[in-house]
Amino acid sequence: MKEIVIGPNDGGQRLDKFLQKSLPALPPALMHKYIRLKRVKRNGKRTHPGEKLETGDILSLYLNDELLERPAADQMFRRIRPNLQIVYEDDQILLCDKRPGMVVHEDDEGASDTLINHIKAYLYQKGQWDPDQEQSFAPALCNRIDRYTGGIVMAAKTAEALRVLNEKIRLRQVQKYYLCLVHGVPSPKEAILSDRLLKDGDKNAVRVVRGAASRDKNAREASMRYQVLQSRSGVSLLECQLFTGRTHQIRVQLASRGWPLLGDAKYGVNARNKAFGMTHQALYSYKLRFAFQGEPTCLDYLNGRTFQVKDTPFLELFYRLPKA
């Protein structure tokens, strides 16, 4: 028999979700069976898969030893010297300015020099996170941006902050703003773009679909606002606010209207990009604002606050262009 004391980062979870994360060797079907047979008890009493755990609860697990074994956690963060550009930090969250070229999570190529590993290393070395003391929680990212897009990525230091941020993002109560450079001068100068996007998973590409194709069950609504801030030599600096968070959304919605991003090899034209020496799309998640509504949460102190990166790399290139 093994006992687990539920800590602050595990309180609030459903029992079944907690067991799936903390006991990966326990198959889901067997887990439900053992809960039914009272081989999993909460505070000495029968429990149910959907019950919410509370801090201080004691789980008694009458399971075979092989089901209690946990595989060795990824230890890459222990071997990394953290290199982060921190926009904001408190006890609950961390906002990082991810530079183009870094992946946020391990990709298909098994890259380990990832943003999340740098965050884990940073918090581990500060003594704010110890995986040996946690049953199921690890610091996690709340949003993602493409490898060659830079800008603000939100990370949660606690399970409660992770739940709140994920819910606020789902409710569109975290406003995200991007800067980008595009070929051409969009007209009108400001507009809301609404499209249906269809993703090709094999090519990792997205396209705008209209007419009958837009009724494809896999097509997703995409909405954003753009504003032209300035134009120079046929290149325009735009601010874009996302209302939805679809894959490559800004890149494909603007390109579909004839305004591809500078440096965008997937949705743009390489011949037009060469003149500017851009090796990746000129797109940066430069600002976000917390605009919470509804029931009080542990992050309400952030409500109404705006955070912005110190610099956007491609702006220097833009302001070197002639005004004509």
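Between Trp259 and Tyr226, the distance separating the two ring centers is shorter than 6.0 angstrom.
Of the possible donor and acceptor atoms, none in the side chain of Asn43 sits under 3.5 Å from a partner among the backbone N and O of Asp57.
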Considering only distance and modelled atom types, tabulate donor-acceptor pairs under 3.5 Å from the side chains of residues 197-210, sequence neighbours left out.
from: Asp200; atom 1: OD1; to: Asp202; atom 2: N; distance (Å): 3.1
from: Asp200; atom 1: OD1; to: Lys203; atom 2: N; distance (Å): 3.3
from: Arg210; atom 1: NH2; to: Asp195; atom 2: OD1; distance (Å): 3.4

Only pairs under 3.5 Å count here: list side-chain donor-acceptor contacts from residues 179-191, not counting sequence neighbours, and write none if there are none.
from: His183; atom 1: NE2; to: Asn273; atom 2: OD1; distance (Å): 3.0

Please set out all donor-acceptor pairs under 3.5 angstrom arising from side-chain atoms of residues 289-296, sequence neighbours excluded.
none

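Residues meeting the side chain to side chain donor-acceptor pair (under 3.5 Å) test with Tyr301, sequence neighbours left out: Asp90. Under the rule for a salt bridge (charged side-chain N to carboxylate O under 4.0 Å, His left out), the partners of Lys287 that lie at least two apart in sequence or sit in another chain are Glu239. For Arg215, there are no side chain to side chain donor-acceptor pair (under 3.5 Å) partners at least two apart in sequence or on another chain. The side chain to side chain donor-acceptor pair (under 3.5 Å) search around Gln20 returns none, not counting sequence neighbours. Remark: Glu89 engages Lys126, Lys157 in a salt bridge (charged side-chain N to carboxylate O under 4.0 Å, His left out) (not counting sequence neighbours). Legend: residues meeting salt bridge (charged side-chain N to carboxylate O under 4.0 Å, His left out) with Glu54, ordered by chain and number and at least two apart, are absent. Applying the side chain to side chain donor-acceptor pair (under 3.5 Å) test to Ser256 and every residue at least two apart in sequence or in another chain returns nothing. In this structure Arg46 satisfies the salt bridge (charged side-chain N to carboxylate O under 4.0 Å, His left out) test with no other residue, sequence neighbours excluded.
Checked for salt-bridge contact, Glu167 and Arg170 meet the test: a charged N lies under 4.0 Å from a carboxylate O. Classification of Glu316 and Arg320 as a salt-bridged pair holds, one side-chain N sitting under 4.0 Å from a carboxylate O. At a threshold of 4.0 Å, the pair Lys266-Asp264 does not count as salt-bridged, since none of the basic side-chain nitrogens sits closer than that to a carboxylate oxygen.
Connectivity analysis of hydrophobic side chains (ILVMFWY, heavy atoms under 4.5 Å, direct or indirect) links Tyr62 to Met1.
Side chains of Glu221 and Ser194: no donor on one and acceptor on the other come within 3.5 Å. With hydrogens and angles left out, the side-chain atoms of Arg232 and Gln230 include a donor and acceptor closer than 3.5 Å. With 3.5 Å as the limit, one finds no donor-acceptor pair spanning the side chains of Asp16 and His48.
Atom CG of Leu262 is separated from atom CG of Leu317 by 7.0 Å, given to the nearest 0.5 angstrom.
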